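When reading the values below, keep in mind they use all heavy atoms of this one structure, side chains included, and skip hydrogens, waters and symmetry mates. Worth saying up front: this structure is predicted, and the values here are computed from it rather than measured. Chain letters run A, B, ... following the sequence lines, proteins first and then strands; every chain starts at 1.
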2 protein chains.
Amino acid sequence: MKMDDRKLKILQAVIADYITTAQPIGSRTIAKKYELGISSATIRNEMSDLEEMGFLEQPHTSAGRIPSERAYRLYVDRLMKIKKLTEEEQTAIMAELGNRADEIENIIRKTVKILSHLTRYTSLAMSSQLDDCRLRHIHFVPIDSNSLVAVIVTDSGIVKNTIIKTADTVTPDYLESLTKVVNEIFQGATVEELNSSVASEDFRRYAYRYRLLDNLIPLIVDSLEEKKCDEVYADGMRNIFNFPEYSDVSRARNLLALIEDKEQLAGLINRIAGKGVKVSIGSELDNENIRDCSLVTATYRVGDKEIGKIGIIGPTRMEYARVVAIMGFMADQITCLIKKQLGE
Amino acid sequence: MKMDDRKLKILQAVIADYITTAQPIGSRTIAKKYELGISSATIRNEMSDLEEMGFLEQPHTSAGRIPSERAYRLYVDRLMKIKKLTEEEQTAIMAELGNRADEIENIIRKTVKILSHLTRYTSLAMSSQLDDCRLRHIHFVPIDSNSLVAVIVTDSGIVKNTIIKTADTVTPDYLESLTKVVNEIFQGATVEELNSSVASEDFRRYAYRYRLLDNLIPLIVDSLEEKKCDEVYADGMRNIFNFPEYSDVSRARNLLALIEDKEQLAGLINRIAGKGVKVSIGSELDNENIRDCSLVTATYRVGDKEIGKIGIIGPTRMEYARVVAIMGFMADQITCLIKKQLGE
DNA sequence: GATTAGCACTCTATTGAAGAGAGTGCTAAT
DNA sequence: ATTAGCACTCTCTTCAATAGAGTGCTAATC
């Protein structure tokens, strides 16, 4: 049998429909939905041919048809038009990729991973917004003659590494004196102080000598401001499916939706978490979507400042005895680690 | 009504049982399973009391009973014995937390996140094992008088930052000359070369002058060896549940299990991935567990060396046209980013 | 000769009724 | 105060009946 243009069109219609609906598709539906100018009976005959040729399959006699693997292969090799990403998508990706992770982010990521692994529940972590974040110090590491890494450390332990390219060749001497100058002017500065000092005459004088300074300021501001928004990390969402209470897929999806709604989640954790390990059970959470869940939270600190929170979410029949122990231990470990990292 | 010791024991039994089984529990079961020395009828009466007091609930008349929120609250506040983590668990956590992420790892993590977000499928990424990984250079950044950060860069772009504490005070001069010496001896070295040169007499002389050297070698070896094992990152596993083909929870769990089995997964990706974007459909994957899935892979490179692979896994009715475009774009972006990071 | 209308046929999914099973609550005996 | 015994209740499973969707085939039409 020969594959003609009409068969291809019908095949394409079946594939396109099945990709979006995941439902077997019948001849009548194609006739109505795709205006091919032929009746359902004709389509029926063609589909029968396509099945014989191995491009369509029937789950059972009286169902519509679905594409076979062979059909997908044909589609991938010959039919599909690759849909290029839009400009906006492209720039968004590049921005996200270029955005470097700081040390605290790394610790948090590790933390949620460990927590979910250890407890087999879904784990959460977030760092609090700090309004009064200050620059602790900044260092430069030469990579080659015209690129270097700037290492920015803040008082809440953010360590941000950024590669800077320079037009001119930078010498070790230059870097050393730059380091001295920058730390002299900006050490202990908040974002506001940074902005005001940039406007000062002193700064202008320096900036003339050290061209790099102009590039540097936005980086420092970023590092200080970055943590102002609440970002919530989650891991182990798949664990939800280990619990029979979520064997009903729609309930599971509800919970997943809440966990993906970072804003609502952040609000919830912020409202509940307090000093030490806290257990909130079901309705105590005061949230319709997770009335049948429990949440165990803990906080980690630098000095006496609370700089972040971790949480475990699971069914109300949670293994509290174990989870509480794990949370306590992890919160302590993070606190220690950040303290150590700040070199205290 | 008064809460006596026997009631507490029964309550504890119900909670303990329900935490593990998630099934309503009846009086007879308690009588048999927990040797309380009383008959099921007595337990029945007590459970009836506990229900009246608000500690137990019945899903329906002829079911067993389950703990109420109030019961959990009582359990958390008074009954439970917090189960401390074992020594092994504690050390494992600390090791994992202390293990710093390198730049490539960060890029990969970002990548899987972006991919799953963009495609709404489950995304995978892995970096290939490189047997011939070489040290590119190493730098030191002072933090304070007795701690510093070692920044280790390899030719495949791994940038590893490690904080080193020193007993002695380190001066900038000391660091500068250490940097010079280390890079002189070790630049371009592989693990083998590193190990052999450590045994040399030259090295011993230096090590005497630069105490830090002894701490440093294991770190460098780590950085070079780290990427020898295939680590697979995955993100967006929850997306599986957006597809009706996995509304059957057991099928979903099967797929999740494969994705969690990093070894099998690595084997699969390695076998399939090749130059450019590749699409493998259903049985082409030649793996029983995912015969109804498709896998789209791509590779990223440094120079002409393939140093990693990314993948998207989803139902065979995948949106190939979009996924193929995204994969191509991402692979290019990662390649660029790593190249840039190596300062080329 | 290709296309289409019409109709019998097939298979699934849903609905409702019947029966088995688990557990309770109550009563009476110990 | 505790326990044995039994009627009662509710769910879950099974099975048959029915509605619905879609096909394949035949005969009529363009």
Inset, instruction - Take B/Thr61 and A/Ser48, find for each the nucleotide of DNA chain D with the closest heavy atom, and name the residue whose nucleotide sits nearer the 5' end. - result: B/Thr61
Legend entry - A/Lys7, NZ: over 12 other non-hydrogen atoms inside 6.0 angstrom: yes
Inset, instruction - Using the six-membered ring wherever Trp is involved, compare the ring planes of A/Tyr72 and B/Tyr320 and label them parallel, tilted or perpendicular (cut-offs 30° and 60°). - result: tilted
Legend entry - Lys/Arg N to Asp/Glu carboxylate O, B/Arg120 vs B/Glu319, below 4.0 Å: no
Legend entry - Atom pair distance, as rounded to whole Å: CD in A/Glu46 and C1' in C/dG1: 14 Å
Legend entry - Gap between atoms CD1 and C1', on A/Ile10 and D/dT23 respectively (whole Å): 15 Å
Inset, instruction - Return the value, rounded to whole Å, for the distance between atom CE of A/Met47 and atom P of D/dT23. - result: 6 Å
Inset, instruction - Answer yes or no: are there more than 12 heavy-atom neighbours, outside A/Arg291 itself, under 6.0 Å from its atom CZ? - result: no
Legend entry - Interatomic distance where CZ belongs to B/Arg28 and P belongs to D/dA4 [whole Å]: 11 Å
Inset, instruction - Provide, to the nearest angstrom, the distance between the CD1 atom belonging to A/Ile43 and the P atom belonging to C/dT4. - result: 9 Å
Inset, instruction - Among the candidates C/dG23, C/dT4, C/dG25, find the nucleotide nearest to the side-chain atoms of B/Ser62. - result: C/dG23
Legend entry - Whole angstrom value for the distance that separates P of D/dG22 from CD of A/Gln23: 10 Å
Legend entry - Atom-pair distance (CD1 on A/Ile66; C1' on D/dT23), nearest Å: 16 Å
Inset, instruction - Could you check whether A/Ser27 gets within reach of a base, just the sugar-phosphate, or nothing at all, counting any heavy atom under 4.0 Å? - result: sugar-phosphate
Legend entry - Base partner of C/dA29, which must satisfy Watson-Crick or wobble distances under 3.5 Å: D/dT2
Inset, instruction - Rounded off to whole Å, could you give me the CG-to-C1' distance for the A/Leu56 and D/dT23 pair? - result: 13 Å
Legend entry - A/Arg322 bridged to B/Glu89 by N-O distance under 4.0 Å: yes
Inset, instruction - Establish whether the base of C/dG6 is bridged to the side chain of A/Arg44 by a donor-acceptor pair shorter than 3.5 Å. - result: yes
Legend entry - B/Arg65 vs C/dA22: side-chain N/O to OP1/OP2 distance below 4.0 Å: no
Legend entry - Watson-Crick or G-U counterpart of D/dG20, or none if no pair lies under 3.5 Å: C/dC11
Inset, instruction - Name the closest nucleotide to the A/Ala41 side chain, picking from D/dT23, C/dA5, C/dG23. - result: C/dA5
